[in-house]
Structures are given as C-alpha cells and as structure tokens.
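The structure displayed is predicted, hence computed values, not measured ones. To find a chain, count down the sequence lines: A is the first, B the second, and so on, and within it residues start at 1.
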Amino acid sequence: MDPKRKKDCHDSGESTRVASTFPDEVLERVLALVKSHKDRSSVSLVCKDWYDAERWSRTHVFIGNCYSVSPEIVVRRFPNVRSVTLKGKPRFSDFNLVPPNWGADIRCWLVVFAAKYRCLEELRLKRMTVSDESLEFLALSFPNFKALLLHSCDGFSTDGLAAIATHCKNLTELNIQENDIYDKSGCWLSCFPENFTSLEVLNFAYLNNDVNFEALERLVSRCKSLNVLKVNKNITLEQLQRLLICAPKLTELGTGSFLPELTDRQYSELKRSFSICSNLNVLSGLSEATALYLPALYPACTNLTFLNLSDAALQSEEFAKLLVHCPRLRRLWVLDTVEDKGLEAVGSNCPLLEELRVFPSDPYEEGIVHGVTESGFIAVSYGCRRLHYVLYFCRQMTNAAVETIVQNCPDFTHFRLCIMTPCQPDYRTNEPMDKAFCAVVKTCTKLRRLAVSGLLTDMTFEYIGKYAKNLETLSVAFAGSSDWGMQCVLGGCRKLRKLEIRDCPFGNAALLSGFEKYESMRSLWMSDCKVTMNGCRFLAKEMPRLNVEVMKEDGSDDSQADKVYVYRSVAGPRRDAPPFVLTL
Amino acid sequence: MDGTLGLLGGGGGGGSSGASTNESTVSKVEVVEQDFVGMSSEASSYPAEAELELGLGLSLGGGGVKAKPCTWGERGRILTAKDFPSVVSHGSSVPSRFTDRATAASVGPVSGTKRAADSVSQEGGSPTGVSQVVGWPPIRAYRMNSLVNQAKSQRAEEDKSRDASKKKIYSKTDPAAKEKCHLGFVKVNMDGVPIGRKVDLNAHSCYETLAQMLEDMFFRSTTAVSSIGSSGEKEQSQKASGYKLLDGSSEFVLTYEDKEGDWMLVGDVPWGMFLTSVKRLRIMRTSEANGLGPRFQERNDRQRCKPI
C-alpha cells in the first residue's frame, strides 16, 4: 500500500493545468520504467514536479558510500523503496588497509528501514559490517523480504544465516559472496523450513563448513524455481550429480570439489547429468578439477557466457580443450596456471570474449612460478577484438606489448593491469611503463576504470589528465614522481568519481589542488603518501561539505596523515567513528 | 587567501601541462604552504627527487632478467613516499616499517593476508619482496586465504622434489595413478579447527614424512582461519613444537577413515596398504581416540558438525 502524496487529492479536482504539463500519474508511470539511477538523478533535476514524481516512483536506491547520506534522509526522500544497495568501506579495505571496526554498520540503516520501508524486499551490501543480530532483525522486520546479497562484508557468522533461513518465508535469493564470515557450522542450511519453496538463487560457495547434504538435496528438489546454485568445496562430485538431477533447469552452477573420486559408473552418471543441463550460462567452482573429469562438462558448456575458473588451477592443455567447447564465452576468469599457452587458446577459441580476468596462483612466489606474461595478453588481444574489460596480474610487461594490445582492442572500458612487483620497469627496455598507459588512455577513449602499476613517472598522469576524459575510477600504487602527477589527474579528468592512491609521493599541494573537485567525486583515498595533518585540516576547513578523515598508524610521525579518506556527504561528519578515525 | 586557492584549483583545470602553468601552480602552492610549519621546502625538492627516482628505477631493472624469487634487498626497495628526501624525516627504514605493519596485527581480528605475510616470512627461505607489503598484490582476503592453503601443501610436495617440472605445480594424478592407489589428495581435519586441509599422499613415501608435514601444517604455521573474534572463537594454543602424532606422546593422534568407513590409527599397517585404503585423515584428541585400534569398528560422528 503506497502512501499517497497529499498533492494527489488536490490535483484530481483541478482543471487549471497548463497544457504542456504532463499529468503526474502519467509521468510516474513513465518514470517507473527508468531504471538507471544515473538517469533518475538527471530526471530529478529537471523541475520540482519531476523531482517529486521521481522520488515517489523510485523503488530501488543505490548508495555508493553509506556515509554520504543518512538513512533518515533517504527514507524521507524516497518513500516507496523496496530494494536497497549499499556500499560501505573504502575499496582498499579488501586488501587490509583499513583496520577492523572501522564502521559501515548496517544496523542503523535497518532500524530506520524497519520503520519506513515495511515492504523492503531486497538488500545488497558490499563492504559493510553486518552482525548476527542485524541479520536476525532483518529477518524478523520485513515480512516480504526476498533477496539478500552480502559481498565482502564482515561481522557475522553462520548463525545470522540461520536466522535468515528460518524466518524469511518469501526468500528468493541468498547470496553469500566472499565475506569475512565466522563459519561456525553448516547447520544454517537445515533451517529452511520443509514447506519453503521460493528460493531461486543460492550461493554458499565461499563457506567452508559442511552443510547437511540431505537437507540441501531436499531444498533443491522442492524449490522448483531455483536457477542459480553455487555450492561449496565440501560438496563432492557424487553429491553434485544428485543435485543436478533435482535441478536440471539451472542457468548458473557453481560446483563443489571436482576432485576425481568417482567410479566409472558414477562418472558416466555425472556426464549424463551435465548433458541435461543445457541451460547453463554461468559455471564456476571446479576446485581441484583435473584433465580427467573436465570432459564431463563439455556438453554443458555450449551456452556458457561466463566461465569462472579462478578456483581451479588448470594447466594449459586441459584448459585449451575445455575452451573448444565454449564458443559463446563472453566473460572468463582464470588462474595464471594456464600460462601464456592457455591464453593463446583463449584468443583462438573465444571470439566473443568481452571480459578477461587473470588471477595469480602464487602471488608470493613460494613455488616455481611462471604465470602469464605479456605474450598471453597480446595473444588474447589478437583473437578477442571485443575485449573491453581486463584485470591482469603478471610479473613482467613491456610498453610495446600494451601498445599492441590497445591497438587491437581500442574499446577498453576497464583496464586494470597489475605488475606484481612494485615499481617494475619495462623488462626489455628498462624504461618506466609510462608509454604503456599513455597508449591506453590515448587509444581507449571509452575508458572508465584504470588501475596502473609498474614504474611510473608523472608523465603517465599527465597523459591520464589530458586524454582520459571518461575516466571515473583510478587506482594508483607506488607510482608518480611529484605532486604534479596527481594535480594533472584532478585537473584533467572531468568525470573522475573515485581516486584511490597508496604509497605515492603526492603531498599537500596535490591534495589541495583538487579541493573543489572532491565535491563532484564519491571519494578520495590516499594512504602512505606525503600528505600531512595540516594539509588535511586545511582541506576540511575550506570544504565543509566534505568529510576529511585520517587514520594514523602506530609509530608514525605526529604530523603525517598516514591514511586519508575524503568523501562528500550531506549527512555531516560521522557520528559512529571509532577512536582511530580522526574526523577533521 | 580565497583568490589564491581559486587559482590553485584552476591551475590544472584546462588539462594543459605547459611548464609555465606548472611553475605558477608551484609558486602558489608555496604561498599557501607558508602558513604550515615545515611544508614550504617540500615543493622545492621535487625536481631532484624525480631524477633520483628514475635513477633508482633504472638500476633496479636488472636488464630484462625475469623476476625470480629473491630477497627484498637484492631487488631494491619499494620506492615509497617515505624514501624521498623530505623535511620531515621518518627515521625508520622501509622494510622494517612494512614488517612492523605486517606484524602489528593486534588491532583485532586479522584476515588472511596479514597472516600470510607473517607465515611466509617465518617459513624457510628468504621472504620475497612482494610478501612484505601489506595489501599487495591487491588480491582479496578470501582468495589469498585459499591460495595460501594451496601453496603450503604444494610447497611441501615440491620440497620432496617429486616433480620439478613447471607443469606440475599443482600436480594432479595421472590416469595410471588413479587405478593404482588412492588419489593423491585427501582431506585432513583437526579437532577444534573449523577449516580442513588437503594433503597429497603421493608426495610421501612413509608415515614419518606425512606426520611431519601435518605437524607443520596444523601446529607450526598460523592457520588462515577466516573468523570474527567477537564470538570468542577457540584459541589455538598448539603453537609449541615437538608434537608427535605417531607415537602417542602428544595430546593429539592421527587417525584415518578407511574404505569401509572405519576409523583407524595411522601407522598400524604397511604404507602401501594404507595408501590403498585411506579415504581421509583426522587429527583427533588422544582422549577421544580410546578404543581405536586396527580392527575396532566405531563410526565416529563427531568429526564435523552433522546437523539434523
């Protein structure tokens, strides 16, 4: 039952409407079809009527920084929201650069939502702190609750999941993705009531404890609409085969362990089960998969558009053979165990590829390491001309290689290159990697996200500022020579929204050169740079609508601002900041 | 003041990178920074630093030699902000600062990356440069945890110089092995530890080496447990060395489940026979292992949570 605006009662009687004014009801109907939140923001700026119509018709709210706004402000502006996406901590918290208990607790949001959004159906959280009590509160407060996605969150245990399973009678999605979760036991899965049948998405691939398999099997059988199932590594192949029989309509499957442990008869049954799964678009898991059993998958791969092998340490031969059966692949995630030879196979077999992520299997070089080099990347670029998203971890790269790659694939929107040893130059010429990134920003005019690495001087940043006119997110580490580099970026990248920097020689001059710009950005992160407390205080004083937060490290100089996080906010300074976060 | 700042902000606005703009920006910066103690000389030292950094970079390059695991000292140091000459001297050298950070995990619950850095530097061999930097390479903690676990059991395997060929880093069973003996990897769980491991039995030829490796895995290194400390997770107090799993002298004993589902003490049968019948391993508390013998049949259903 949507609360109606007071205005409605008056409007229906009025006939003094200007001919060109759209009736509100029609406007709202039209706006209901506008989904993109960027478009909705534009709509709301047109005029007061449109602002009102937009706010009443908005059902989904995306909040990229939970501290940029308060829950009270959100519910006041948008009364009819049913779906909320919230992001909390700065992205570098993924890499342990943010101490625990930093904040971004969902609790205060839930309390306000429980009062104003009784019909809340979906909650998607990334990098938020969520306690078991909050999960239980969520489960009990929203009778229509349907979808929960927790990505890179922390603070909860499997007890919280048990509460969700027990109380959310209409749950359609439970997606537990890479969280810092206290995995006490797998009992939570058994908490789904026996008459519960609405589940469509279940992802517990990243949990470590055994769940009760019989309970899982019964759950999968009775949830006839289940189309996404991602199980954890403890589910054996034999068990997986039984699950596939119950759910042949799956579109997304995450297997458990693919360890070859079956008898011949069981293996044939597995093959048969996979051959029935003709609807699979997404496949992941496959931990400990070997050449031996991969052929069982072949019949299920015909319609695959996304293959996630980042948990499967495949070698190039078996990987190449698998790819032959995946002609429609558009997204591919692999470990660098496939090496350059494997990437050559990608180039040969996947002409439709749009996204490639290559993760390092041995980032600390504990074994005999080969991984991938620039040749693999080049090979992919020749074969996959539609490539526009890449995340590539490697140990060597050359400027010439990157120049070739972007010539082959000029449509990059996301270019994230991680040369794993900091400050490493072009290994052939010993020059800095400036030319590489210059080529990227000059050639790829649609570039929205860039992560740089290797030995870089200010020249890279001059070029970024000059050419990367669509750049929205920039990640920089161990790069640059002086303040000038950062100043170029802040001055030149008009659309910049997120800037995250670590261990670079950028100081107060750089920080302050962007002080007007920060209000048009979501956030700025600078850690272990040359910024001082005074510089931060100055920024805070001049820009009251920015929150300038500093975290100091033990043993560092008093004047140094070790970690600086600057973000725009209409909610004012944080009220829940822990002692180690200094709000200036 | 406002006028100066406005110009400062607009200095780079046009995106032009002419030298004159640079200088005027720098000079304005100096005007602004006069107000702050100790900052005015920073701006002027940059040109020299730029050369210094490039010089260091070139000498680090190593003439096209592929990056090999090497000590941090050989590779050169990461050039961080603190390397550049500045008015405010920080005193501490780079490596110790990073190591301090890596070990200052006392802030509370720690996720895998920090511990991985710790444990890597404690294991034999020289720590690589990459592992000394917190949060680098930028890989999410979850992935780091699973990689660390895999890498440890892999390295134990490589140390036996099983197969030095590069293809077999994650060496899997070849088809012949499948029939002959049980496949290499079996699960190992230890009482009180929520996360199990896997070991490759093919990497061992006798009970002693297997026990040694398990002792290393569970008792000596920090287990990469992803946990939140708020609920008081049980502390693993078995950090002391000298636990012997095979001779019954320690608090724990090594057991295995055989093909018939029985739990047996490890070490009673010849190694080859053990290999053909073992399904999985469990490091059990000695107190719970009473009555466990070669032919004693008892399905121990406390090895992990079996919810109803």
- prompt: Is the ring centre of B/Tyr142 less than 6.0 Å from the ring centre of A/Tyr206?
  reply: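 Yes, the ring of B/Tyr142 comes within the 6.0 Å limit of the ring of A/Tyr206, centre to centre.
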Measure distances from [X] to the heavy atoms of chain B and classify the residue's part below 4.5 Å as side chain, backbone, both or neither.
X: A/Ser152; value: side chain
X: A/Tyr467; value: neither
X: A/Phe359; value: side chain
X: A/Ile419; value: backbone

message: Check A/Asp94 with B/Arg140, please: is the shortest side-chain N to carboxylate O separation under 4.0 Å?
response: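 Salt bridge: yes.
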query: Taking all atoms of both residues into account, what is the closest heavy-atom pair of A/Trp188 and A/Thr158, and its distance?
result: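 Closest approach of A/Trp188 to A/Thr158, heavy atoms only: CB-O, 3.6 Å.
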query: Going by heavy atoms in the side chains, are A/Glu553 and A/Asp528 under 4.5 Å from each other?
result: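 A side-chain contact exists here, since the closest heavy-atom pair is under 4.5 Å.
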